[in-house]
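As structure tokens, the structure follows; a few thoughts come after it.
Every chain is numbered from 1, with letters handed out A, B, ... down the list of sequences.
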Amino acid sequence: ADKPTLAFVVNGASDFWKAAEAGVKKAQAEMPDYTMELKYPEQAAVAIQQRLMEDLVSAGVKGIMVSAVDPKTQTDGLNKIGSQTALFTTDSDAPKTNRIAYIGSSNVDAGKQAAEIAKKAMPNGGKCMGFVGLLGADNARERIEGMKDGLKGTKIELVDVRGDDIDQTRAKKNVEDALVASPDLTCMVGFYSYNTPRIYEALRDAGKLGQITVVGFDDDPITLGGVKEGTIAATVVQQPFEWAYQGMKLMAAYLKGDKSGIPANGLIIIPTVIIGKDDVDKYAANLKAMAGK
Amino acid sequence: MTYPGVVALEGLSLDIVPGEVIGLVGENGAGKSTLMKILGGVIAPDRGTILLDGVELRSLTVESSISSGIAFVHQELNLFENLDVAANIFLGREPLKGGLLRLVDRDRLRDMVKPLLKRVGAHFSADTPVASLSLAEQQMVEIAKALSINARLVIFDEPTSSLPLAETERLLSIIKLLKADGISVIFISHRLHEVERVADRVVVLRDGALVGTLAKKDIGHDQMVKLMIGRVLAARTAKPQRLPGAVALRANGLRTAAYPSRPVDLEIRYGEIMGLAGLVGSGRTELARVLFGIDRSYGGAILQDGQEIVLRSARDAVQRGIFLVPEDRKRNGILLDFPITQNITLADLPMLASYFMLSAERETAAAEKQRLRLGIKAPSVSTRTGTLSGGNQQKVVLAKWLSMSPKVMIFDEPTRGIDIGAKQEIYGLMRALADAGVAILMISSDMEEVIGVSDRIGVMHEGQIAGILDEDDFSQESVLLLAVGRSVK
Amino acid sequence: MIKKDLGLLLLIVVVGIVVAIINPRFLLPINLANTANLIGLFGILSIGQAYVIITGGIELSVGSLVALLGVLFVDFVAVQDMSWMLALPLILVLGAAIGAIHGLLITRLNLQPFVVTLCGLLIYRGAARFYTADGTAGFAFGQSFPDLEFLTAGRLYGIPNTFIALVIIAVVMWVVLHRSVFGRYLYAIGKNEEAARYSGIRTGRMVMSAYVICGLLTALSAIYFAMYTRSISPASHGQFYELYAIAAAVLGGFSLRGGEGSIVGAVLGTVLLQELQNLVNLLGIPSSLNFAVMGGVILIGVLIDQQWNAIRAQRRLVSAARQTEAHMADQATVPVTANQD
Amino acid sequence: MIKKDLGLLLLIVVVGIVVAIINPRFLLPINLANTANLIGLFGILSIGQAYVIITGGIELSVGSLVALLGVLFVDFVAVQDMSWMLALPLILVLGAAIGAIHGLLITRLNLQPFVVTLCGLLIYRGAARFYTADGTAGFAFGQSFPDLEFLTAGRLYGIPNTFIALVIIAVVMWVVLHRSVFGRYLYAIGKNEEAARYSGIRTGRMVMSAYVICGLLTALSAIYFAMYTRSISPASHGQFYELYAIAAAVLGGFSLRGGEGSIVGAVLGTVLLQELQNLVNLLGIPSSLNFAVMGGVILIGVLIDQQWNAIRAQRRLVSAARQTEAHMADQATVPVTANQD
Ligand SMILES: Nc1ncnc2c1ncn2[C@@H]1O[C@H](COP(=O)(O)OP(=O)(O)OP(=O)(O)O)[C@@H](O)[C@H]1O
Ligand SMILES: Nc1ncnc2c1ncn2[C@@H]1O[C@H](COP(=O)(O)OP(=O)(O)OP(=O)(O)O)[C@@H](O)[C@H]1O
Ligand SMILES: [Mg+2]
Ligand SMILES: [Mg+2]
């Protein structure tokens, strides 16, 4: 019990973080003289995440790597944690806090990559509808912004983004309703990991698979299946496994006094990648290997 | 049978022969309802046996009680306002169809209900929603329900307490018909003259024990009273000590929800008891509610001491010294879960408080004073009011108002369900109040009471005052004539 | 009752016409079918809830149960390779059992329905999340169970089977509630439980049956939801569905005090709520306003209903007074004879 | 009542000791202070809820109100540059006004509290989201309001000011509920509203006041929550807080039927719930089980309470019977003398 504990605090329960869990495990296996754990707050809310971190600090955690629910305005809360323990950020950065470093990718860039996919799939332009869980959340906004940016000057347009409050039933119904409301849609974008599979299924039910270009985010198995099948153009994946794995090792090193891994600007960017039909098998195999299955 | 703090019944034996009408009387809390609830299977006795045709009925439940031929008209109404008359009468015993689905055979049900309604003299149909019936009509449904069980024993627990005149007569003749069919009847009532008329034998309970039985020839008002309370009551009513004073409260063309098109004119004077008689649904309760500020009026004016007053809520009335002892005690009169003290002080809290803070001592003192004054039977003033007998609960309602200083007191059926001893006490209290200068309006459906207690009697008919009788003109007949809309003489 | 249902139907039709005028695509068969599908899913929940509400109770754990049972069903079928013919009845039995436990706690141990089912809401949500360790339960890509999928997500002549299921369930449950002895007892219990007991009704059993029915219908609905989304993240799946179900019942004329309401009303309430959601999407209203539209319509509906009742009561009063007057005039002779007795 | 509170206190202490033994860091001042801070935030909500529950009502819109009022407060202060000395009372007034509207709808238009506040839950959430267009309301970097921050998030001798606020509010509200005329009226209304009205109590006003108090305390709590998180995403902020508040009140002995409960109980209920959350985090229990632990403890607490009451009632019955028998034996002579009267 005297082993120093490192915690990876996520922003809410989601499959997305399963890969990070695998990363934490791998790091743990390599560094047995630390206790490493991944923590879910029971709701994706600032108050609850803040509470969780405060409790972890109380429990004597030496380092925390956090995907803040709302990094922009959570500054004070994060600073409070940062003053008591080694604080790293991941997933979305909080540059104005006293965090030591950020390890993750850029949602804006991911959005731009989504635009790349769309441009490649629809050289003649088109009309896109987006779907997302929480319209107001930072990651959603940045992705949407990035995509709009990337589409500037093309004939492709992102006409609207519908939110579903992370209710999968509504997520699917939103797709169905969009098909009815705007028959001229030529493309759909699933901004959250579960949105793409819901698009896939709604299109399959409507018999429109293949007729509408689907741009995905993240690596839900259904999404990867669709990519492989060719009914989903491609998907933009982040690498939470790497964030967790590298992040944990970095933290451990930092606590030992080795600060060589921390770049001057404090940013360690692990870029998002586009997974198209050709890369999907390799990626899936890799994913499996990481999960240790 | 024991309840917390009381032994409701103790070592009591009673046998009934077919075709016999037993009058069961006793003071409030004597254990009459408890005994009947045991027979009805509603509660289980601690010990003892019930034999039917010499066979012991073990662990009696409501169903087994019904199936062994015991029918029950409860003291408190047990109807479902969201169902219609037919559904209420046969609830739990519906004719079925549709096999396993157990559907209600609605046609047969209606056919079964019709003759019953005719028998009790009801003029509403089987599919009338109970919510739209008046209290008396609901009581008729209860009676029809009891008749619907092909019973060998029908128990009526104070069936007449909310039945006036005509309906009471109808009930008494129904009992005679039952008797003629060889059905036994237990009839519980505090209206002793009714018991006198129908009972073949009177059984008297006191403090949960049987204290006497009167054979048909011995049944008489005074004998019953003597057994019930252990002494003979003094003269029925005291005469007023002084002449009535100025008009305290006047209704000027007042219209109520009962008959919005019919204005009421009425005067109540200081120092008098004004009786208010009338048939069921004649609008007396509605009038009382308007005078107490619970309901709004549909026109007309209320004048107190000659000044027009506006009553927006009961509080306005209370602040002007106009108090109401409501008809439905449990619903409107008391908080069953509150201790006696808190019920008594509820209306007068601001006076007992300093700077809006309660004072337990002052409250207890005020309550204790009233308990002694009214002789409320209870272990202490901190007893839960719900455990008291009906009469004592009624006294608690009275105590609430008497602890303040009333100018006008409206009593709506003040002795409903109250035993003769307590009745006399309440009459005495009303008279004492009147003598102290309070103006009293007493709504009552008990003819004896109206005639025996009032100084003047107003009679209501269809929402209007049909006439006012002075003491010299008091007679059952003139009250009745006015009540049905005829003129006297 | 029937008048109230008609009012609701009218509202549904009027809203439908307005939406259709603004966006005629509202009437496309595919849109109607999509919405009918969700009406089926939520309608079954509402009917279950209605059975509990009629007894004066409430079932707050519906949403969490939809998550827990959904997770279990998907896990059994997709991961554990259990035959769905086995898994389906198993889940239904589980739902009924949970309903029975609620019923027992409420009737035997005299706990308040709100409290029991609030604890259920918390516990089942936690259980669902724990079962998958906060992961998602879902079918793998290409995993397919044609029969099951046809039954749960298929369409017959363009009509979603879930909607057909709702219609069948609604008819059966209507007969049970409005024509059977059991239903009549539930109304009686909802109005006055003690009096019902005095009438020889075994109120405990009846109330328990209501919760069992609710559990059963919730389980069925959970399976349908699972097959609709095909993937369940237990932290959020089904959140607030109890509110949808309660709202539909309340819109449909159920009183939370018990003893009032009709199955037709509960179904129409669901239809209106789903129509509203559809409208938000079709008319391009910001999705953030979804909840507000729902809340606003329920409030207005309840207000109109209340005002309507008040006016009707007023009128009834006046006409009753008139009737009594006439009636009394007829009867004027009766009591006098009684007096001679 | 006091016995019940003692039982709850005992439970809190025992759980605390067990946790402290397993993880002594539980007793670190910083941990206690953090937990006390949250007890302050949620405790104020619970007291507000308690006032409504005592009248037999319920306030389901608490969580949405925390979001809406929080969003407005942050927006006023951080974006609109309004002085917090103005914004704070403004928000409190707004909270009270919303409470008054609920009270009016419930008392004047006779709507059910559950329905009114359910609509509130939906509408205020939608309004909050619409106001920020689903964005987050928060303070910009470096924006600082030292006085406001001290008051809302500061500590005095290590004790969070929110906790001190709770203590003050609890004492005041205890006196009001348990020692004032108004409090007695609320109990009376909760037990039997009609009888209260017939005693000359203006029940409408009293009930309305209860909702106003709840709105006011909710608004205060909303400001505290806003200053604690300093950032509010209106879609999720405050979700389920009404359930926390209701659960705390129920744990503390409030009956949802009205007329029962004590402020001490509501506060202790909050303490227990927050202790449980702290425990889950400190003992490394998977946070997916957080809800389940909460639900389980409430259920067990309510069950024990119920069993306890049942046993006590049983005992009282037996001892009462014995007493009466003895008493009757003493009195056996009395009726005879009375008879000679
Ligand atoms: N549920 C109860 N809990 C406690 N005590 C009760 C309960 N019901 C009745 N009692 C008590 O038992 C005694 C007998 O009551 P019961 O109702 O049988 O009297 P009763 O003769 O019917 O009186 P009344 O004429 O007022 O109806 C009374 O002292 C009463 O207070
Ligand atoms: N709560 C109520 N709901 C519906 N109708 C009512 C209600 N109270 C009274 N009424 C109706 O109003 C009319 C007048 O009733 P009210 O109670 O004023 O008469 P009453 O003379 O006091 O008769 P009772 O002897 O029955 O009390 C009756 O027809 C009755 O059915
Ligand atoms: Mg009795
Ligand atoms: Mg009356």
By side chain to side chain donor-acceptor pair (under 3.5 Å), D:S199 pairs with (sequence neighbours left out) B:K400
Across all chains, not counting sequence neighbours, the salt bridge (Lys or Arg N to Asp or Glu O under 4.0 Å) partners of B:D348 are none
With sequence neighbours left out, the residues meeting side-chain contact (heavy atoms from CB on, under 4.5 Å) with B:S405 are none
Interatomic distance, OG@B:S359 vs CZ@D:R179, rounded to 0.5 Å, equals 10.5 Å
Original post:
Tell me, do B:L349 and D:Y185 make a side-chain contact under 4.5 Å, heavy atoms counted?
Top reply: yes
Honestly, the part of B:F292 sitting under 4.5 Å from a heavy atom of chain D is side chain
If one checks every heavy atom of B:R312 against chain D at 4.5 Å, the contacting part turns out to be neither
Identify whether the distance between the nearest side-chain nitrogen and carboxylate oxygen of D:R184 and B:E363 falls below 4.0 Å. yes
Greatest number of non-hydrogen atom pairs under 4.5 angstrom with chain D, of B:L352, B:L335, B:V397, falls to B:L335
By residue number, those in residues 336-346 of chain B with heavy atoms under 4.5 Å from heavy atoms of chain D are B:D337, B:F338, B:Q342, B:T345, B:L346
Review point. Could you walk me through whether D:I201 and B:R315 pass the side chain to side chain contact (heavy atoms under 4.5 Å, CB included) check?
Key: CA-CA 6 Å; D:I201 298 172; B:R315 183 185 155 93; over 6 Å; no
* Asked: Does the side chain to side chain contact (heavy atoms under 4.5 Å, CB included) test come out yes or no for D:V175 and B:M357, once each step is laid out?
  -> CA-CA 8 Å; D:V175 170; B:M357 290 298 129; 3.7 Å; yes
